[in-house]
Amino acid sequence: MATNNLQSYELMVIFTPVLAEDDFKAAQKKFSDLIKEHGGEMTHQNPWGLRSLAYPIEKKTTGLYWVSEFEAPTDLIAKLELQMNRDENVMRHMVNKLDKHAVAYNLRKRNKHTAEVVAS
Amino acid sequence: MAKQNDIKYLTSTRVEKRAKKYCRFKKLGIKYVDYKDAEFLKKFVNDQGKMLPRRITGNSLKFQRKVAHAVKKARQMALLPYVTDLLK
């Protein structure tokens with residue numbers, strides 16, 4: 001494999017709200033394992049859980065949100081998209097490339113969050 | 001002959017000077033517009049969910065584009081509605 005320069009990406013997925021708690025975790029694990037398998041590396045996972053949607057998707061007004069940030073070789077995204085389209089639990093997904101400002105923003109937000117948690 | 005300052009106009013002659021608009025991103029040094037932060041993006045969207053033009057938001061071109069991209073991503077992920085009424 002060429003020197004796979006790892007790019008940082010951010011994945012946001014909306015699962016159908018029908019999923020039970022452990023199915024939700026299983027679905028998260030499935031995709032994070034897929035990323036780790038192909039030489040990617042999960043930096044952060046942040047399940048938002050059940051949230052109401054701004055407009056109904058597939059006749060449902062709520063969805064299980066899951067946001068995750070990871071670093072991956074550039075060819076992994078196509079595989080990930082394929083799996084996402086195949087999986088019927090996934091209502092909608094979006095992969096974003098993060099530039100350095102975005103990575104710094106996420107890092108700062110995470111540190112601020114942990115600082116609050118520690119303080120409270 | 002009425003002296004200059006005797007004349008009373010209906011509307012004040014001195015139009016009050018509107019505050020100079022500034023790009024909030026440059027002033028605060030924000031570099032990245034996060035599409036996940038729907039509350040912040042609502043400042044750039046009118047109450048029908050439509051994006052406000054630059055002359056209203058006062059953003060610089062570079063950051064107005066970043067905001068536009070972020071709003072479109074948020075709409076795609078159902079964080080912001082495409083069209084609604086009384087959003088705020």
Side-chain angles (χ1 to χ4, degrees), chain A residues 7-17 31 43-70 77 81 84-85 89-113 116, chain B residues 19-88:
Chain A
Q7 305 273 359
S8 55
Y9 294 99
E10 181 177 59
L11 167 69
M12 181 184 235
V13 180
I14 309 180
F15 293 103
T16 53
F31 287 119
T43 42
H44 180 69
Q45 289 191 38
N46 178 10
W48 289 0
L50 200 66
R51 246 179 92 119
S52 64
L53 303 174
Y55 52 86
I57 300 175
E58 289 172 10
K59 308 292 182 295
K60 300 184 183 60
T61 54
T62 57
L64 283 164
Y65 277 76
W66 176 52
V67 179
S68 82
E69 197 184 326
F70 60 96
I77 300 302
E81 292 279 332
M84 291 276 173
N85 293 329
N89 288 336
V90 172
M91 279 202 296
R92 195 163 283 189
H93 64 277
M94 174 192 280
V95 181
N96 287 318
K97 191 163 181 301
L98 295 179
D99 57 7
K100 59 182 177 355
H101 299 306
V103 173
Y105 172 86
N106 285 341
L107 202 64
R108 208 173 41 245
K109 211 156 161 31
R110 233 177 291 132
N111 299 345
K112 189 159 66 72
H113 181 65
E116 271 153 27
Chain B
K20 179 85 183 64
K21 278 202 171 71
Y22 58 88
C23 173
R24 61 173 70 204
F25 296 96
K26 267 197 218 138
K27 200 179 255 290
L28 300 174
I30 303 172
K31 283 278 194 303
Y32 171 67
V33 182
D34 189 11
Y35 69 91
K36 304 191 288 296
D37 190 351
E39 287 315 312
F40 178 67
L41 291 181
K42 278 190 177 143
K43 292 197 177 84
F44 303 101
V45 156
N46 70 5
D47 55 5
Q48 285 174 348
K50 296 159 79 170
M51 276 189 269
L52 292 172
R54 242 176 95 210
R55 53 186 165 78
I56 308 273
T57 58
N59 290 340
S60 64
L61 177 59
K62 178 177 166 183
F63 285 104
Q64 177 71 11
R65 282 207 195 106
K66 285 185 198 263
V67 163
H69 288 308
V71 165
K72 286 169 193 168
K73 283 180 190 164
R75 283 177 176 161
Q76 164 77 10
M77 294 312 285
L79 298 170
L80 279 180
Y82 278 93
V83 68
T84 176
D85 38 17
L86 272 74
L87 174 77
K88 296 256 167 58

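In the text below, chain A, chain B and the rest are named by the order of the sequence lines, each starting its count at 1.
Annotation: B:Lys21, atom NZ; neighbour count of heavy atoms from other residues, nucleotides and ligands within 6.0 Å is above 12.
Using a 4.5 Å cut-off between heavy atoms, A:Ile57 touches chain B through its side chain atoms alone.
Proximity to chain A among residues 25-32 of chain B is limited to B:Lys31, B:Tyr32, judged by heavy-atom separations below 4.5 angstrom.
Contact tally against chain B (heavy-atom pairs below 4.5 Å) for A:Asn96, A:Val13, A:Asn106, A:Asp99: the top residue is A:Asn96.
Using a 4.5 Å heavy-atom cutoff, the side chains of B:Gln76 and B:Tyr82 are in contact. Side-chain contact between B:Lys72 and B:Met51 is present, with at least one heavy-atom pair separated by less than 4.5 Å. The shortest distance between side-chain heavy atoms of A:Glu69 and A:Asn46 does not fall below 4.5 Å. B:Val83 places none of its side-chain heavy atoms less than 4.5 Å from the side chain of B:Lys50.
Nearest heavy-atom pair, B:Arg54 versus B:Ser60, reported as atom, atom and distance to 0.1 Å: NE-C, 3.7 Å.
Considering CG of A:Leu53 and CE of A:Met91, their distance stands at 5.0 Å, rounded to 0.5 Å.
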